[in-house]
Every structure is written in C-alpha cells, then in structure tokens.
Amino acid sequence: MPLSRRRLLALGAGTGVAVAATGGLLASCAGHDLRTGGTLTVGLARLPDVLNPLHSSAEPVRWIADPVVEALYTYRDDTTIGPVLAAADPQLAADGLSWTIRLRAGVRFHNGDPFTAEHVAAVLRRMNDPATAGDWAPWLAGRLGPIEAPDDRTVRIALPRPFGALRAFLACLPIPHQATLADPRALIGTGPFRLASAAGGVVALRRSPDYRDKAAPLDGLEFRAAADGVADLKAHRLGVYPRPTPDQVRRLHRADGTYVQIASGPTDLVVLPNLRRPPFDNVAVRRALAFGMDRTRVSLDVYRGEAVIGQGPLGPGNEGWDPEYTPYGRGVDPSASPKPSPSATAGPTVEPERVTAMFGEAPVPPGVRFTLLAVTGEAGELPEVARVLAEGWNRIGFSVTVEQADSEGFAARRRTGDFDVALVDRRGAGYVVGRTGFAVLAPAMSGGPDATGYVNPELDRLIEQALATADHAKRATLTRVAGEIVTRDAVVLPPVYPKVAVGRTGRVESVDVRQLAVGRVELAKLHLRD
C-alpha cells in the first residue's frame, strides 16, 4: 500500500459528516405537540462513580455532565466551532505563542459565584499538569506555558511552541467551578441544568432558574442504570437510551413506539498490533493481518449494516476522512436498500491472495499464532466483534484465540507490552479530541502513552505540524496524509466505523442528528411530547 505522490499532492480539506436517521423525524421540530416542562428519564448501561467531567471522559460521565458544565467553545451543527463561555474566537499572536480569550459577561455558576477568568485559568493549569490531567494528559499536559488572568474576563495562555489545535480541545474541555477540581463527585457548572441529587441509584438534574440564556424546555433530567434499555423504553420507564448496542438497535427497530436515530460519528473501534512483539514487528505480517480482516462480516453480522467498512484510522466523523480512500475495498454497501442480509457477499473484504503475498514477504511461515485481546469498555459488542475477526483470520491461515480484559487491565498490559493484538474501543479518547483525528492516530505516535512500538519520524513530524496549525483545512490535510502512512504500515486497523445510535420513545422530541454526528446528544434542548 504505497503512499503515492499523487495522493500527497491531491489531498484537500476535511470532508463533511454523513448522517442518517431511522424510526422517526430527522431533526427537532417545533410542532404543536411539543410541550415545555416535565422530567426526561435517561437510561445508562451503568451509573458512573465519577461525576466531575475533568476526572473522566467516559460516556456515562459526559451524558450527565454536559447539561451542567459548559466549555469555552462547542461544535455547531455544521461541525464548525463557536463560542459558549468565551465571548469570541481566541486572539492569537503573530508567532502563535500567545492566545488571548475574552469571556462572556454576566455568567454565574450554580452556587451563585461569578464565572471569571481565574476559574478558566485554574482548569487549564490543572490540565497542564501530567499528575492531574487524567484523560486529557496526552494532549494538554506540558503543552501550555504560563496561564494568566489579567482581569475577570480575560485569559492569556503562553505556549512553548505553536498549538493551533488548542481551540478544538477547548471545544471539548468542560470548565467547572475551580473549588471542585479535586473532587471526582462534584458537579458545579454554568449550564442550563444543575445537580440536584445523586443517591438511591438516580442522578437528578434540575433546570437552573438563573441560566443566562433561554431556559431549557425540560424541568429536569434523571439518569438511571438500565439493565435492559429496550424493555425500559417500551414500558416508558425511560425516554432516551444513548448508545444502544447493535442487538438493542435491532430490537428497537422492531418494537412499536420506539425510535432509533443513527449518524456516522467519530471512529471508536481499532485493532492494535503490538509492534514490540514478534512477529508483529514485521510490516508484512501486519499487512497480512490487515488484508485478512473480515470487515464485511463485522459490519453485517455484528452491526447489521449500521457501520462503514474500515479503511484507514480516520473515519467519517474525523477531520481528514477521505471516502474515496479504500485500500481494503468497499465491501458490502451498508447503506443499500433493502439492507443486505448477514449472508450477503459482495465485494470481498478478505483477500486471500494478498494475504499470501504478504506472508511471502515475511520471514515467518504461515500459521502465525496470537491472542486477540478484546478490551471491554463502553462498547458491549466487542467480544462479538473479536469472535468474528478471529474466525476470519483462522480461515486464512492464522491461529487466533480470544481473551478479554477491562480497560484498566489493558492499560497495565500495554505499559509492559504484554499483549499480541488488541481490539480497543477508544470512545473516551475520541471525545477529548473532538473531530480531529489525533485519538486514532495516537497509537502510532512514538513516545506517547498509547504508543504500540511504531517509530516513524516523518509521521511524528506530520502530527506535530497538525497540532501546531490553527488552520482547519491544513490540519485535515496533514492528518489525512498521516492516516495513510499509518494504513500503509498497518499500525492502527479499524475493522469498521460503527455508527452512533440513540434510542428514544415517541414521547420525546427527535434528537438532532447533526450533533449526534459529533458524538453528542443535546439532552438539555429536548422537549417532551403531549
């Protein structure tokens, strides 16, 4: 898979985000049946122990915290970035080494304290400290210089080197009250909802009466653990169930009175060979692994077509994604109507002759044995994805067994290099970086905490240039080129790009799929129906 000169010269700006919806209206509407008031109950696979979003980027934390704690900027419906707590776009010095951000006037925290520049500075100082930055550490810790608040409405950030991508991170970074920064259970922000209680298996939010902008249409939001989100939606014990599993999506399609809305969002799912362990230190063996991945079976058998065939690390929700870049073939078109059946075969994604050719390049015989480690996290379908992948690889000459580990177990094993190949859900990392492609490229960056042993100074240079530039189009081009290098050397291998789904009942207004496509569900803006 050489990276041609034509592609290096022809790569352009990032593409838009493809979205789709089924089982209901495509977007929010102001129909006569929408009403103000009421409490929306949201089901989560589990209630998190952590509520403070600076301590965890896990999805259950975000669903709860997003209506409460706002960021300086946010992704608009057209995926551009606009101000929220900031009054305007940042002002950059000519050399890019100083950023000045003006803040909105008249903003208050839920405890009545004024929102000031010192709160923002305190958050940024914490994120700049590797000991406290948590999930944000790979991207923010050590990248900021002195952070000052010269007055209540001005934040000035000095940088040791240009960091133009900072604005994209600031569109994801929540700004809670500075007094709560060390408390993982604290949740005090400036948003349209405030924390009312977190006890008895329920996290309750209530509309903030002093919110500076238009009041939220709901009186309250309640979050509960749901052992079976589909059954709870059908029984109207829930109004919304974010991120149903593929099996639950199928059940929601079939049930009366329940709806599923789906969008192509940032990619979550990747296969990571351990380049520090033979034979995966050999690029030919990794390419054989890549060409032998049964992407069609994963898309159809596991996701029932609600996934895009994986190509490079960048997916439809990332800057720099190129839908015409298909080094592994297009496979079955999951958007075809009617939907292809699980037994459909069109455009094979497993190419035995190319696998054989790759083994011919490698100083190892066919029949490589390895363990595929399925790292279970927010995506409950990973064991099933691992099974399908292992069956496909076994059919073409590999000998694969499957093992499971939780995310903490994998983190420890990754630090010591104790794995062969891992199947990982990178949902939390994807939220931290927004639409940029940095999270999925991170395992190929040498020296980072996610590194899997790949060393390529040219790739590191491209990513550093992408982090440095404030130009969205230039960043998209740089990450696209980096993604094709990573694909060529078979370092980060997504089997598919799973679509983002949310289930709801007909008593809840349709979710805005444009926001769903950037990994968000704007619960605070929803109405109930009469």
Side-chain angles (χ1 to χ4, degrees), residues 1-8 11 267 269-295 309-315 320 322 325-329 348-373 389-390 392-400 414 417-424 426 437 440-448 450-463 478-495:
M1 283 182 293
L3 189 64
S4 69
R5 175 177 174 80
R6 179 190 66 80
R7 291 200 60 77
L8 282 169
L11 291 173
T267 183
L269 193 64
V270 292
V271 169
L272 301 176
N274 182 1
L275 278 66
R276 298 184 178 95
R277 176 175 288 186
F280 298 109
D281 55 346
N282 187 297
V283 66
V285 176
R286 299 197 304 275
R287 288 175 181 168
L289 188 76
F291 280 109
M293 186 180 289
D294 200 338
R295 295 167 176 82
I309 294 296
Q311 304 293 343
L314 302 179
D322 180 0
Y325 181 59
T326 55
Y328 303 119
T349 54
V350 174
E351 304 180 44
E353 67 281 359
R354 299 186 81 168
V355 172
T356 300
M358 292 302 168
F359 272 124
E361 295 179 17
V364 294
V368 174
R369 296 178 177 273
F370 69 89
T371 297
L372 176 62
L373 187 65
L389 289 175
W393 281 321
N394 285 335
R395 283 196 298 269
I396 60 169
F398 286 98
S399 181
V400 185
R414 182 176 56 199
D418 182 24
F419 71 98
D420 296 327
V421 179
L423 173 67
V424 184
R426 295 184 58 79
V440 288
L441 293 170
M445 297 165 59
S446 61
D450 294 334
T452 54
Y454 184 66
V455 178
N456 184 331
E458 174 66 8
L459 178 80
D460 291 341
R461 183 185 64 81
L462 285 167
I463 294 176
L478 290 164
T479 53
R480 191 180 301 179
V481 174
E484 293 193 14
I485 292 173
V486 170
T487 304
R488 178 198 67 195
D489 289 346
V491 181
V492 179
L493 310 172

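Counting only heavy atoms from C-beta outward, the side chains of N456 and S446 never approach each other to under 4.5 Å. Using a 4.5 Å heavy-atom threshold, the side chains of M445 and D450 count as separate. Residues L289 and F280 meet the side-chain proximity criterion, which asks for heavy atoms closer than 4.5 Å. Between V440 and L314 the shortest side-chain heavy-atom distance falls below 4.5 Å. Inter-residue side-chain proximity for V421 and L272 is flagged as unmet; no heavy-atom pair is nearer than 4.5 Å. The closest side-chain heavy-atom distance from P313 to V270 is not below 4.5 Å. A heavy-atom distance below 4.5 Å is found between the side chains of D489 and R287.
Here the shortest heavy-atom pairing between T371 and D420 reads N-OD2, 2.9 Å. The two residues R286 and L493 make their nearest non-hydrogen contact at O-CD1, 4.5 Å. When every heavy atom of Y454 is checked against every heavy atom of L459, the shortest pair comes out as CE2-CD2, 3.7 Å. Of all non-hydrogen atoms in N274 and T452, the two that sit nearest each other are OD1-O, 3.7 Å. Listed here is the closest heavy atom pair of G312 and P494: O-CG, 3.2 Å. Taking each heavy atom of A290 and Y328 in turn, the nearest pair found is CB-OH, 3.4 Å.
Salt bridge annotation for D418-R277: present, with a cationic side-chain nitrogen under 4.0 angstrom from a carboxylate oxygen.
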Apply the test side-chain contact (heavy atoms from CB on, under 4.5 Å) to residues I463 and L478: give CA-CA distance (whole Å), side-chain angles for both, the deciding distance (0.1 Å), then the verdict.
CA-CA 7 Å; I463 294 176; L478 290 164; over 6 Å; no
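With sequence neighbours excluded, no residue satisfies side chain to side chain donor-acceptor pair (under 3.5 Å) with R276. A search for side chain to side chain contact (heavy atoms under 4.5 Å, CB included) contacts involving S399 returns R369, not counting sequence neighbours.
A donor-acceptor contact shorter than 3.5 Å links the side chain of R295 to the backbone of G310.
Between R480 atom CZ and I485 atom CD1 the span is 14.0 Å, to the nearest 0.5 Å. One finds the CG atom of L389 at 8.0 Å from the CG atom of D294 (value rounded to the nearest 0.5 Å).
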